[in-house]
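What you are looking at is a predicted structure, and each value in this text was computed from that prediction instead of being measured.
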Amino acid sequence: MDNAEVAEVLQEIGTLLEIQGENPFKCRAYYNAARTIETLAENISRLVEEKRLGEIEGIGEALQTKITTLVETSHLPYLDELKASIPAGLPDLLKIPGLGPKKVKAFHLELKISSLEELENACKDGRIAQLKGFGEKTAQNILDGIEQIKSFQGQHLYSDAIDRAEEIASLLRQHPDVIRVSVAGSLRRSKEVIKDIDILASAKDSTDIMNAFCSMDGATKVLSHGTTKSSVLLEGGLQCDLRVVQDSQYPYALHHFTGSKEHNVAMRQLAISKRMKMSEWGLFQRPALEDEGDGNLIPCTDEADIFDQLGLEFIPPELRENLGEIEAAKEHHLPKLVEWSQLRGCFHNHTTETDGRSTFDEMVQCAEDLGFEYFGLSDHSRSSTWVNGLSIERLLKQVEQIRKHNTKGGDCHIFTGVECDILKDGSLDYPDEILAQLDYVVASVHSITGMTEDEMTRRIIRAIENPHVTMLGHMTGRLLLKRDAYPVNVQKIITAAAKTGTWIELNSNPLRLDMDWRHWKTAKEKGVKCVINPDAHHYSQIGYVRLGINIARKGWLEKKDVINTLPFVEIKKALLDKRKKMNR
DNA sequence: GCCGTTTTCGGCCCGACTGTTTTCAGTCG
């Protein structure tokens, strides 16, 4: 059993205990242990083997015993007992925003509710509203929540699917009958949320490949098994489709199955205008007369040939959304998209001083290992008490620690910063004279998100009008497939950021990817700089910036648009200029 | 459940918001 699996079991125990009404601190002990183990650098089975579990903070005797049993037998009787005592559908109810263990327990005790469906019915027929302590509004909120959950069903995060997809593609690549393989579909286009994994392969004969695909490890159910298309369900409910074509058809099929649908439609229209016909099977010269069949195939060896035949520059998969890419490709004006290797550092990172799980030294070491020229530390500000936000004294102490670290030299310069809460009225969480002592400030909203769009927009704009604010963190607060963005007028904020010279963050946490890629083209046109940040709470998360790069590419961003592609000397100047511009 | 120069019990994160009821419990971040 690996760390992630152990963590999952502990997490599940925590949830079940909460529903049982256990001591909240006991539940938290399980959650904390799960989080610690999930992000542990060492292999958990090794720690068990060497009897070193007790060295981990937050894992006492009881947890040591349970984890040992779990690792040694891949099984935990305690979990079985817990599960048996609670209806299987109850934990699902906790996913509804606004519902915690107490309410879920009340529904079960008072109304014998034990599934989403039963809860939905109870809301609709008025039983929830009649319950003591509940009312019409609660019932409606629950119904809205259930609706939201339903809309998220069958969708998956890009980050949850991409590794699995690459694994399957590489497995297929090893098959002797396979000629070419690629991940296609929305994954290839770097969409933040996807419905399924699409893989395309070419081969002379597909029979054996399809057999191997349908019986591979991790395929829990075969949905269809044919010679050109097969589908399986993977663990976790993700569907994976494999299409196999002749190698001569591969470029056309790859373009077709990469999509998007909207891009394909526009491409086919373009083909028609050039007396051609385009489909998943090929690009054809249209015959003079309609009844002369498909016409002659225009041979293409790869996707670039197809674009070339249509008089277009090669369009990178990320841009294929029919949002102007075809027009730009016609004029050879496509952006030269930013690349991972061009990133020189990043700014939004946490340490154990607040809610990070890696120490200052661990974070810095990882930044150096990644080859960064600079790295910014920005722990939470004092209002964020639930994550042990920094008092002024602790903040200044951290600044001192960083300055001292930098005097040692080293390849990676550490910038002093803070992730400063934007308070309800748009003011910041520290006085200006404190903020002035930092190299930079990330301003973010973390609380009181139930405002109107107007109020929230004004609040954020007021915050970025403070000359000490360098960048705006996770603009909309969304958590993909979990929580919608709070209402905010993105266009107005982009305009304000352009005016004040404030950088906008592209938060690379796989759940956030905020600001959304759909807005970056506008931001870029208005001259707003993007800063790609990992929002790392553990050193292993600094690498999230790679995902951020994918999204930046999807947002048409080039090297010049992403400020943290600047080398150290220039970024240092940019940080100073930012303040100067505002103080002018 | 964990932890301990408060050392074997008692504290562990707390302020704001929501929906309810009319003073507060539950949830969230």
Side-chain angles (χ1 to χ4, degrees), chain A residues 9-37 53-68 76 78-79 82 93-107 109-110 123 128-145 350 353-356 379-391 394 419-425 429 444-452 455-456 459 473-474 476-479 482-486 509 511-512 535 537:
Chain A
V9 171
L10 297 177
Q11 181 78 26
E12 193 177 355
I13 293 175
T15 308
L16 294 173
L17 288 175
E18 265 198 298
I19 297 172
Q20 268 198 341
E22 256 294 357
N23 174 358
F25 296 104
K26 178 171 169 178
C27 306
R28 194 180 302 160
Y30 279 94
Y31 292 137
N32 287 342
R35 219 174 59 158
T36 309
I37 289 170
L53 273 182
E55 291 174 13
I56 306 172
E57 198 180 315
I59 296 186
E61 271 180 49
L63 276 166
Q64 284 176 46
T65 313
K66 291 194 175 82
I67 294 168
T68 305
L76 188 61
Y78 177 61
L79 176 62
L82 268 179
L93 304 189
L94 288 175
K95 291 178 190 157
I96 300 170
L99 285 197
K102 298 264 168 57
K103 286 182 182 170
V104 167
K105 200 179 167 193
F107 296 153
L109 285 179
E110 306 281 333
C123 288
I128 294 294
Q130 283 160 14
L131 218 53
K132 191 172 155 41
F134 294 84
E136 286 296 338
K137 198 91 185 250
T138 311
Q140 189 53 50
N141 285 346
I142 293 173
L143 284 175
D144 292 347
H350 300 271
E353 270 302 305
T354 60
D355 63 343
D379 267 312
H380 287 282
S381 62
R382 56 185 178 176
S383 280
S384 289
T385 48
W386 59 92
V387 289
N388 194 22
L390 299 174
S391 63
R394 287 172 59 218
E419 183 181 17
C420 188
D421 274 340
I422 299 176
L423 305 181
K424 188 176 180 181
D425 62 354
D429 202 10
S444 310
V445 168
H446 285 114
S447 58
I448 319 170
T449 54
M451 304 176 129
T452 65
E455 286 165 343
M456 184 59 94
R459 173 183 177 185
H474 47 69
T476 75
R478 74 176 183 187
L479 294 179
K482 281 196 172 168
R483 183 178 77 198
D484 284 337
Y486 41 70
N509 183 301
L511 275 169
R512 293 191 183 269
D535 198 354
H537 286 72

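Following rounding to the nearest Å, A:Glu61 (CD) and B:dC3 (C1') show an atom-to-atom distance of 12 Å. Between the P atom of B:dG29 and the CG atom of A:Asn509 lies a distance of 14 Å, rounded to the nearest Å. Regarding A:Asp535, its CG atom lies at a distance of 15 Å from the P atom of B:dG29, rounded to whole Å. If you take CD of A:Glu22 and C1' of B:dG1, they are 9 Å apart, rounded to a whole angstrom. Atoms CG (A:Leu511) and P (B:dG29) sit 12 Å apart, rounded to a whole Å. In this structure, CG of A:Asp355 is placed 15 Å from C1' of B:dC14, rounded to the nearest angstrom. Atom-to-atom, OH of A:Tyr30 to P of B:dC3 comes out at 13 Å; the value is rounded to the nearest Å. In this structure, A:Asn32 atom CG and B:dG11 atom C1' are separated by 15 Å, rounded to whole Å.
Remark: A:Thr385, A:Trp386 in residues 380-388 of chain A come within less than 4.0 Å of DNA chain B through at least one heavy atom.
A:Asp421 pairs by the salt bridge (charged side-chain N to carboxylate O under 4.0 Å, His left out) definition with nothing, not counting sequence neighbours. The salt bridge (charged side-chain N to carboxylate O under 4.0 Å, His left out) check on A:Lys424 picks up nothing, with sequence neighbours excluded. Qualifying ring-ring contact (aromatic ring centres under 6.0 Å, His included) partners for A:Phe134, counting only residues two or more places apart in sequence or in other chains: A:Phe107. Listed by chain and number, the residues in a ring-ring contact (aromatic ring centres under 6.0 Å, His included) with A:His537 are A:His350 (sequence neighbours excluded). Partners of A:Ala33 under the side-chain contact (heavy atoms from CB on, under 4.5 Å) rule, at least two apart in sequence or in another chain, are A:Leu10, A:Ile59, A:Leu63. Scanning for salt bridge (charged side-chain N to carboxylate O under 4.0 Å, His left out) contacts around A:Arg459 gives an empty result, with sequence neighbours left out.
Taking the P atom of each, B:dT21 and B:dT27 are spaced 16 Å apart, rounded to whole Å. A gap of 23 Å separates the C1' atoms of B:dC9 and B:dC14, to the nearest Å. Taking the P atoms as reference points, B:dC17 lies 24 Å from B:dC12, given to the whole Å. Using C1' as the reference atom, B:dG11 and B:dT6 are 10 Å apart when rounded to the nearest Å. B:dT20 and B:dG26 have their C1' atoms separated by 11 Å, given to the nearest Å. B:dT22 sits 25 Å from B:dG15 when the P atoms are compared, rounded to a whole Å. Nucleotides B:dG10 and B:dA16 are separated by 30 Å at their P atoms, to the nearest Å.
Each of A:Val445 and A:Tyr78 was matched to the nucleotide of DNA chain B holding its nearest heavy atom; the match closer to the 5' end belongs to A:Tyr78.
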When you compare the protein's N or O atoms with those of nucleotides 17-20 of chain B, which come within less than 3.5 Å of each other, and at what distance?
from	atom 1	to	atom 2	distance (Å)
B:dC17	OP1	A:Lys424	NZ	3.2
B:dG19	OP1	A:Asn141	ND2	3.0
B:dG19	O3'	A:Thr138	OG1	2.9
B:dT20	OP1	A:Gly135	N	2.4
B:dT20	OP1	A:Gly135	O	3.0
B:dT20	OP1	A:Thr138	N	3.3
B:dT20	OP1	A:Thr138	OG1	2.8

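Under a 3.5 Å cut-off, the side chain of A:Arg483 and the backbone N or O of A:Gly477 do form a donor-acceptor pair. A distance-only check finds no donor-acceptor pair linking the side chain of A:Arg478 to the backbone of A:Asp484 [under 3.5 Å].
Distance from the side chain of A:His446 is smallest for B:dG29 among the nucleotides B:dG29, B:dT27, B:dG1. Side-chain proximity of A:Glu57 to the nucleotides B:dG1, B:dC3, B:dT27 is greatest for B:dC3. Ranking B:dT27, B:dC13, B:dC2 by closeness to the A:Arg28 side chain, first place goes to B:dC13. Of the candidates B:dC12, B:dG26, B:dC3, the closest approach to any side-chain atom of A:Phe25 belongs to B:dC12. In the set B:dG1, B:dC13, B:dG26, the nucleotide with an atom closest to the side chain of A:Leu63 is B:dG1.
Using a 4.5 Å heavy-atom cutoff, the side chains of A:Lys66 and A:Leu79 are not in contact.
Across every strand in view, B:dT8 sits unpaired, with no contact that passes the Watson-Crick or G-U test at under 3.5 angstrom.
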N/O donor-acceptor pairs under 3.5 Å from side chains in residues 138-145 of chain A, not counting sequence neighbours:
from	atom 1	to	atom 2	distance (Å)
A:Gln140	NE2	A:Asp144	OD1	3.1

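Here A:Pro101 lies in heavy-atom contact (under 4.0 Å) with sugar-phosphate atoms only. At a threshold of 4.0 angstrom between heavy atoms, the contacts of A:Leu17 with the nucleic acid are absent. A:Lys66 comes within 4.0 angstrom of sugar-phosphate atoms only, judged by non-hydrogen atoms across all strands, and of no base.
In the model, A:Glu18 has a side-chain atom that pairs as donor or acceptor with a side-chain atom of A:Tyr31 under 3.5 Å.
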